[in-house]
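Working notes, structure below.
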There are 2 protein chains.
Amino acid sequence: MVGVSNGLTQARRGPRPGGVDTRAALLDAAREVFAERGYQGATMRAIAARADVDAAMVNHWFGSKEGLFAEAVMDIPFDLDGLVRRLLDGDVGRLGERIVRTFLTNCDTAGGGVFAALLRSGADPGPGGHHLHDFVITSILAPVLRAVGVDQPDFRAMLVTTQVVGIGVVRYVARFDQFAAADVDRIVTAVAPAIQRYITGDIA
Amino acid sequence: MVGVSNGLTQARRGPRPGGVDTRAALLDAAREVFAERGYQGATMRAIAARADVDAAMVNHWFGSKEGLFAEAVMDIPFDLDGLVRRLLDGDVGRLGERIVRTFLTNCDTAGGGVFAALLRSGADPGPGGHHLHDFVITSILAPVLRAVGVDQPDFRAMLVTTQVVGIGVVRYVARFDQFAAADVDRIVTAVAPAIQRYITGDIA
DNA sequence: CCGGCAATTCATCACTCGTTGAAATCGTCC
DNA sequence: GGACGATTTCAACGAGTGATGAATTGCCGG
């Protein structure tokens with residue numbers, strides 16, 4: 001292919017008119033492609049093509065493919081403290097419900113692709129190998145479970161993780177029809193009691 | 001690298017003495033590497049190296065990388081009917097326990113790598129994209145749930161899948177330490193009631 | 001109006017991938 | 001024991017990868 005947006009004539013070099021934000025376009029495209037194809041499967045050329053830009057821009061703006069991945073997927077500007085606080089704010093007996101609902105609504109709106117990218121690439125060798133653990137458990141669930149003050153907080157956090165990650169895989173990665181299309185409330189109703197039991201129930 | 005087993009001298013061509021089964025060695029190596037690296041990440045050269053054999057043997061015995069994957073991972077000689085029958089044999093009230101235990105013991109012994117390979121490669125673009133669904137749901141859980149005779153069998157099967165797949169991801173793919181090392185009985189005790197509720201409990 | 005800086009594209013490099021065909025070697029049957 | 005077929009390794013190809021450096025262009029301060 002000769003150009004990027006046009007296959008016949010060569011695209012003009014130099015800055016683009018209209019002050020378009022190439023960096024941001026690359027970040028968006030990267031999240032999409034990483035979510036669809038995983039870290040290895042996402043080629044820089046495919047990402048650049050989706051951003052309608054030359055592949056060399058990845059190196060120009062992020063230094064390397066790994067740098068782009070770090071900024072697009074792992075460097076989530078997330079208010080972790082606020083999230084933990086919101087989860088803990090309310091009846092402990094309904095914490096399970098808040099966790100599922102928060103997870104689903106967050107992923108359904110903005111971060112759906114981010115979770116898929118994180119998980120898909122967590123299964124890849126490459127950067128971000130253990131960031132799923134750091135993110136889900138170390139940063140969120142373990143603090144929450146500790147604050148609740150139950151026994152075996154780490155094992156309980158792990159149990160909650162299995163259920164939440166399982167939902168994420170089925171809904172956002174594998175995209176099993178019936179579950180990917182299911183209503184958030186329906187899933188919350190069905191799953192929340194199971195998670196609640198992992199948090200405050202008898203598991204030993 | 002010059003040879004395969006020896007970096008200095010060239011390995012002798014022609015059949016190997018002692019009637020070693022190259023095909024089987026390749027299948028075993030393929031299951032391992034596919035499980036570790038996913039479909040794209042597993043290179044034919046890496047698989048062949050683990051089987052201590054030249055990469056061209058993959059094409060000789062299986063035609064292509066995809067053929068090897070199909071036979072090594074997807075073509076599991078599994079007694080599905082027998083599995084379904086064993087699950088249904090016994091108290092319905094303890095079906096959840098049987099499902100988790102069967103899943104864990106099967107994966108811990110032989111098929112651990114197979115599940116990881118199936119899931120990792122299910123997240124890859126490549127062959128075997130929807131075989132996770134066909135295997136877990138269509139072939140196993142949906143028939144079981146239908147035989148039990150509850151309402152919403154498909155949705156219940158989906159819920160069970162989320163929990164089982166989540167355990168599989170955390171234990172065999174992401175390998176979170178605490179859960180990968182956990183005792184089977186401990187996990188069964190903690191998780192079985194949740195799955196049992198998905199099967200026979202109130203979820204709507 | 002012009003000089004420099006930043007942004008963008010192009011051409012290309014070295015490397016790895018899956019695949020292929022030929023050469024070499026072993027086992028077996030007559 | 002000699003020929004033939006099956007098995008194995010080797011060398012190479014074409015495509016695609018991430019990365020790099022030069023060439024080109026627009027924008028902004030003087």
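Hydrogens, waters and symmetry mates are skipped; everything else that's a heavy atom, side chains included, is used. Chain A is the first sequence line, chain B the second, and so forth, proteins listed ahead of strands; every chain is numbered from 1.
A straight line from CE of A:Met57 to P of C:dT9 spans 6 Å, rounded to a whole angstrom. In this structure, B:Asp52 atom CG and D:dT7 atom C1' are separated by 16 Å, rounded to whole Å. Rounded to whole Å, the distance from CZ on A:Arg37 to C1' on D:dT17 is 14 Å. For A:Leu26 and C:dA7, the CG to P distance is 13 Å, given to the nearest whole Å.
Between A:Trp61 and C:dA7 there is no side-chain polar atom (N or O) within less than 4.0 angstrom of OP1 or OP2. At the phosphate of D:dT8, neither OP1 nor OP2 sits under 4.0 Å from any side-chain N or O atom of B:His60.
The side-chain contact (heavy atoms from CB on, under 4.5 Å) check on A:Ala29 picks up A:Ile47, A:Arg50, A:Ala51, with sequence neighbours excluded. In this structure, the side-chain contact (heavy atoms from CB on, under 4.5 Å) partners of B:Asp185, at least two apart in sequence or on a different chain, are B:Arg101, B:Asp183. Under the side-chain contact (heavy atoms from CB on, under 4.5 Å) criterion, B:Val136 pairs with B:Leu132, B:Leu141, B:Thr161, not counting sequence neighbours. Not counting sequence neighbours, the partners of A:Phe103 by the ring pair (Phe, Tyr, Trp, His ring centres under 6.0 Å) test are A:Phe115. Residues meeting the salt bridge (charged side-chain N to carboxylate O under 4.0 Å, His left out) test with B:Arg45, sequence neighbours left out: none.
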Look for any protein N or O under 3.5 Å of an N or O in nucleotides 18-22 of chain D and output each such pair with its distance, or none.
| unit_1 | atom_1 | unit_2 | atom_2 | d |
| --- | --- | --- | --- | --- |
| D:dG18 | OP1 | A:Met44 | N | 3.4 |
| D:dG18 | OP1 | A:Lys65 | NZ | 3.0 |
| D:dG18 | OP2 | A:Met44 | N | 2.9 |
| D:dG18 | N7 | A:Arg45 | NH1 | 2.9 |
| D:dG18 | O6 | A:Arg45 | NH2 | 3.3 |
| D:dA19 | OP2 | A:Asn59 | OD1 | 3.4 |
| D:dA19 | OP2 | A:Lys65 | N | 2.9 |

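A donor-acceptor pair under 3.5 Å is formed between the side chain of B:Gln196 and the backbone N or O of B:Leu95.
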